[in-house]
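Notes to accompany the following structure.
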Amino acid sequence: MLLPPLRYLRPETPEDAVAMLSDVDGSVVLAGGQTLMNMLKLDLAHPDALVDVHRIDALRGIEHDADGTLVVGAATTYAELARSPEVRRSHPAVAEMAAGLVDRQVRNRGTIGGNCCLNDPTSNYPPLMVALDARFRVLGRDGERRLPASEFFRGTLATAVGRGELLTTIEIPPMPQGSGVAHEHLQVGADSWAIARAVVRLDVADGVVADARAVLGAVYGSPLRLPEVERRLIGQRATPDLAEAADALQDVDVQTADDVHCSAAYRREMAEVQLRRAIRAAVERSVQ
Amino acid sequence: MTAVAEPEVGRARLRKEDARLITGRTRWTDNLSLPGMLHLAFLRSPVAHARISKIDTSAAKQKPGVIAVVTGADVAEEQGSLPCAWPITEDIKIPNAPSLAVDEVNFAGEAVAAVVARSAAEAVDALEAIDVEYDELPVVLDMNEALAEGADLVHPELGTNKCATWVFDSAEAGSGGAIDDAIAQADVVLERTFRQQRLIPSFMEPRSVLVDPTGEQITVWSATQIPHILKWMISAVTGVPETKVRVIAPDVGGGFGGKLQVTPEEIITFLMARRLGRPVKWTETRSESMQSAHHGRDQIQKITLAAASDGTLKGLKVELLADMGAYLRLVTPGVPILGAFMFNAIYKMDAYRFECTNVFTNKTPTDAYRGAGRPEATFAIERMMDELAAELGRDPIDLRRQNWIKHEEFPFTTVAGLTYDSGNYEAATAKALELFGYDALRQEQRERRERGDTVQLGIGVSTYTEMCGLAPSRVLGALRYAAGGWEHASIRMLPTGKVEVITGTSPHGQGHETAWSQIVADRLGVPFEDVEVLHGDTAASHKGMDSYGSRSLAVGGTALVMAADRVIEKAKKLAAHMLECSEDDIEFSGGKLTVRGTDKATDIQSVALHAHVAHDLPEGMEASLDSEATFDPENFSYPHGTHLCAVEVDTETGQVKIRSYVCVDDVGTVVNPLIVEGQVHGGVAQGIAQALFEDAVHDESGTLTTGTFADYLLPSAADLPSFVTDRTETPATTNPLGAKGVGEAGTIAATPAVVNAIVDAVRHLGVDDIEMPCTPMRVWRAVHSGTRAEGGPGGEAGGGLGSIDASGGAQ
């Protein structure tokens, strides 16, 4: 029950971190520790070494490129995202999600990179990152790879980050003019896991949806992008009636599970409800 | 001290104990450390029912730092059987309850072995080296199945899973008519079955015990609500003379009844410290606490309510099944009986019958949890009143008003045989309705229904009363409880004029140090700051019955007032001697003793010094003003109130949002309004938690599925509205303070108020009940099936989405 002996390493740079992750057998990244520490306590993870990256300056911070791309260090905390006026202005959905996360203690420690790298079906950020076409910069011994969200998230609890690699930065392109992003989710209580989650982005020009993203969370293989729903949205006038596009979900095999608070069948029903609501909310936001 | 100060009683003082409690820089048991101290850890059964075919501790004994490893067999001679102080019937079945299982385990989490090591980490590590073989036995989980013919048995030696059946019948007691007649003559008979789910007390400070055997008395520090009872019970269980045991409850971080217990862990830590001759400490993890500390509630209630067509109540029949879990702990079998006299609540009726069958299952033992028996009773009757109102097409508040005891009818002897001394249900309800904006909300509800809004509005009402201030000793005796219900206090008048108060109550978050100081400051006319309250140490406070059942102020506070009055009596006698007058001419007021009609005076501090030095005392007077008193109440106290809750139910998701919550409580005279407010807020939050969130779920093998706070959901501030609280004050007539008790009130009233609101929101969709906790899925199912919705995915569904990440949220 108590931790077995393990090594604690604190690299100064991302390169040092990658070297340690490559060289030290059984090493894992420790960022905010909001999941890993619990897994250690519950005897669910058995690493030999922790590589603590949360104090590496190069992994923290929030910047904007000349073209308006939001560049976020992977070890940036939810609290930092939530209170950043720049993020609130350029990518409000990113800041709002951070502000609504669990409680202050978690927001002060938990990181956006950790949330994405875990890719737990109930994680908040992966579906949003897919909807916003985020790119992930992953550093390895042989240099850096830059992956779109669609290639970064590989399935339940799996990402493209390989052995000896480190997610350093998340890049989120500027929001197109007139776009609206909405995130809807359902939980039993404010501190519990999501039963269902949907994120929708509508890029609206002249009252017509030029491009769309519709993504579900809280399902296996999360995040689940819904091309058929998107197809029904694109080219349509941005009105609340667009919510009917969620009907397409009935033909999608949404894989999810029972847990102590609800059944898989209920989750699927709720995924559709959240999707409808997210479409309506995205329309409202886009037209503003 | 000549100026007349503002009265202390009634002042919303900040609590003087809070700085040290909130910062944690205090004597929590686990903060204590003694020279040579060892640490103890328990190995617990992972299975719910099994014969232990083998335990091999040899490898564990070789582990680093390990001093001793013991099994149940090793302590079988000394450990005795854990006490049950409430054998409710003559023929009750009481299983042997070893602290360490000897050859059979009966619930998952039961302790089977203990390791004592130099460090806590070494003790825990060595647990893994203990090899136990379990021959699994059939697991008994469901109460109805447990009572069926040919059921598997939790304790085969008892021959049945039925622990006891306890009956109250108003016809037999002479307090009312026969229930069958009432039902036969009624125009309307409603029958419902409610489930009181199993709850986990979830106190903030985990349990902890430290035992020091190195003095003549063995000193036990424990995070307990009941140091005095624990001292007695340690002696009774282990055979160590009571004179050789001292128990200290230092600062204790919450209990909610969960620390009203004599635990296996206390007994084993005591035995091991004694055996090894060195201090031994045990502190539990949260997971251990959730699995093995006693649980609360867990009843199935079959309720039959009979009424006339005009809404007049005729009779109430209550048939309960109460889950004891695997063993009878300190008051396990009595908890449902504490509700027996409360189902009729504030209402008048002709006949009442209560029958409770206590059942053994292979689950963690149940016992007291905030409200103990009374929340269950209040829930049942208040849900039924709403059902009756719906059946008759009546406003639920009108129907209650028609049936409740009117304020001019007090004192009133109920159909359950209790005499309520005072109350004013009209006043509390009127105030609550006004604060709530009842009519406007009903209007909005109608509009939403007409529009067919996705979000429907529901209004829930719950009135309540409770018997608290436990308790008249003679009544406890009549109910076969093994102890009394008095309380003790003493006051030491120190030579410097300062005052030490010793109370037999044992605060664990209630703020007794502040409230008791206010009472004494007023009574003796000394500054609040000059009063120090000592508690929880049986060496300083040798007499007491501790804190539970909203008893501390009504019973312990009264003992304190009596002791203060005795100090004043002595002071008057001595002042008369000092001022050379007759004792009858001394007037006492605001700490000053004056010769009537003169300006000759002294003060209580001077008299205390005079007594202490004893140079010149009147003949026959002892050299002290110190006094003590023991108070045994004549009756319970009966707080009451009206709680109103408005919820918004999202019919597409089933999610419930509490929009507003108003409570008007009558807890009698209030000593400190801020403390009362705090108790109401916490109590209401806990009551809401039962309605919406909390549920201890076991899987089909008897393992606790909701074993962490990631699955066992407690509300946080984000889940709760801003409560609107107010009070009416109808003083209790059964104690000089007029106090009634407030510790459990909020919890009792809130649960039915919330569930009534939820059902009210969707009743027009055909729903007449939703099982607790009213999770989104249950509410959604009810809405979409248009009927009551039972159960959840529950049991089988350990580990689904999110179970990998046990961090309590999606972060």
Side-chain angles (χ1 to χ4, degrees), chain A residues 1-4 32 34-39 41-42 44 78 101-103 106-107 109-111 114-115 118 120-125 156-157 185-197 217-220 222 256-267 269-270 273-274 276-277, chain B residues 41 119-125 127-128 285 287-288 454 650 652-656 689 692-693 695 697 699 705-720 773 775-778 780-781 784 792-811:
Chain A
M1 196 178 305
L2 296 185
L3 297 184
Q34 295 305 291
T35 300
L36 181 57
M37 295 313 290
N38 285 307
M39 291 175 73
K41 277 201 266 183
L42 291 168
L44 294 172
Y78 307 127
L101 257 154
V102 198
D103 56 38
V106 169
R107 292 196 293 273
R109 295 289 303 181
T111 67
N115 195 274
L118 182 67
D120 184 283
T122 64
S123 291
N124 290 46
Y125 272 99
T156 305
L157 294 171
H185 66 294
L186 177 67
Q187 297 176 189
V188 179
D191 288 353
S192 64
W193 292 309
I195 290 170
R197 186 189 305 284
V219 295
Y220 281 128
S222 167
T256 184
D258 289 345
D259 73 7
V260 73
H261 300 125
C262 71
S263 66
Y266 174 73
R267 277 179 194 279
E269 292 276 357
M270 290 307 107
V273 172
Q274 301 309 311
R276 255 175 236 291
R277 291 180 177 189
Chain B
S119 73
E122 286 168 323
V124 171
D125 283 346
L127 295 178
E128 286 175 17
T285 64
S287 310
E288 248 182 318
T454 301
D650 185 330
E652 282 182 357
T653 62
Q655 192 156 52
V656 173
L692 296 181
F693 301 110
D695 194 2
V697 179
D699 66 16
T705 308
T706 51
T708 75
F709 285 143
D711 290 317
Y712 188 84
L713 301 180
L714 299 178
S716 71
D719 295 299
L720 301 168
T775 57
M777 188 180 75
R778 282 206 181 94
W780 181 84
R781 277 189 178 167
H784 286 258
E796 318 81 64
L801 283 186
S803 66
I804 307 147
D805 166 9
S807 52
Q811 56 289 60

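The sequence lines fix the lettering, A, B, ..., with proteins before strands; numbering per chain opens at 1.
Applying the salt bridge (charged side-chain N to carboxylate O under 4.0 Å, His left out) criterion to A:Glu269, with sequence neighbours excluded, gives no partner residue. Among residues two or more places apart in sequence or in another chain, the salt bridge (charged side-chain N to carboxylate O under 4.0 Å, His left out) test is passed with A:Arg109 by none.
If you take OG1 on B:Thr708 and CG on A:Leu42, they are separated by 7.0 Å, rounding to the nearest 0.5 Å. Considering SG of A:Cys262 and CH2 of B:Trp780, their distance stands at 10.5 Å, rounded to 0.5 Å.
Closest approach of B:Asp711 to A:Trp193, counting heavy atoms only: OD1-CZ3, 3.3 Å. Residues B:Asp719 and A:Ala190 come closest through the heavy atom pair OD1-N, 2.7 Å. In this structure, B:Pro776 and A:Ile195 approach most closely via the heavy-atom pair CG-CD1, 4.5 Å. Shortest non-hydrogen contact noted between B:Met777 and A:His261 is CB-O, 4.2 Å.
Interface summary for chain A: among B:Ala717, B:Ser716, B:Ala41, the most heavy-atom pairs under 4.5 angstrom belong to B:Ser716. Comparing B:Asp650, B:Val656, B:Leu714 by how many heavy-atom pairs each has under 4.5 Å with chain A, the most go to B:Asp650.
Contact annotation for A:Val188: both backbone and side-chain heavy atoms come within less than 4.5 Å of a heavy atom of chain B. Heavy-atom distances place no part of B:Asp695 under 4.5 Å from chain A, backbone and side chain included. Neither the backbone nor the side chain of B:Pro715 comes within less than 4.5 Å of any heavy atom of chain A.
Among the candidates B:Thr706, B:Asp699, B:Thr775, the single residue satisfying the side-chain contact (heavy atoms from CB on, under 4.5 Å) test with A:Val260 is B:Thr706.
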Could you walk me through whether B:Thr454 and A:Arg277 pass side-chain contact (heavy atoms from CB on, under 4.5 Å), step by step? CA-CA 12 Å; B:Thr454 301; A:Arg277 291 180 177 189; 3.7 Å; yes
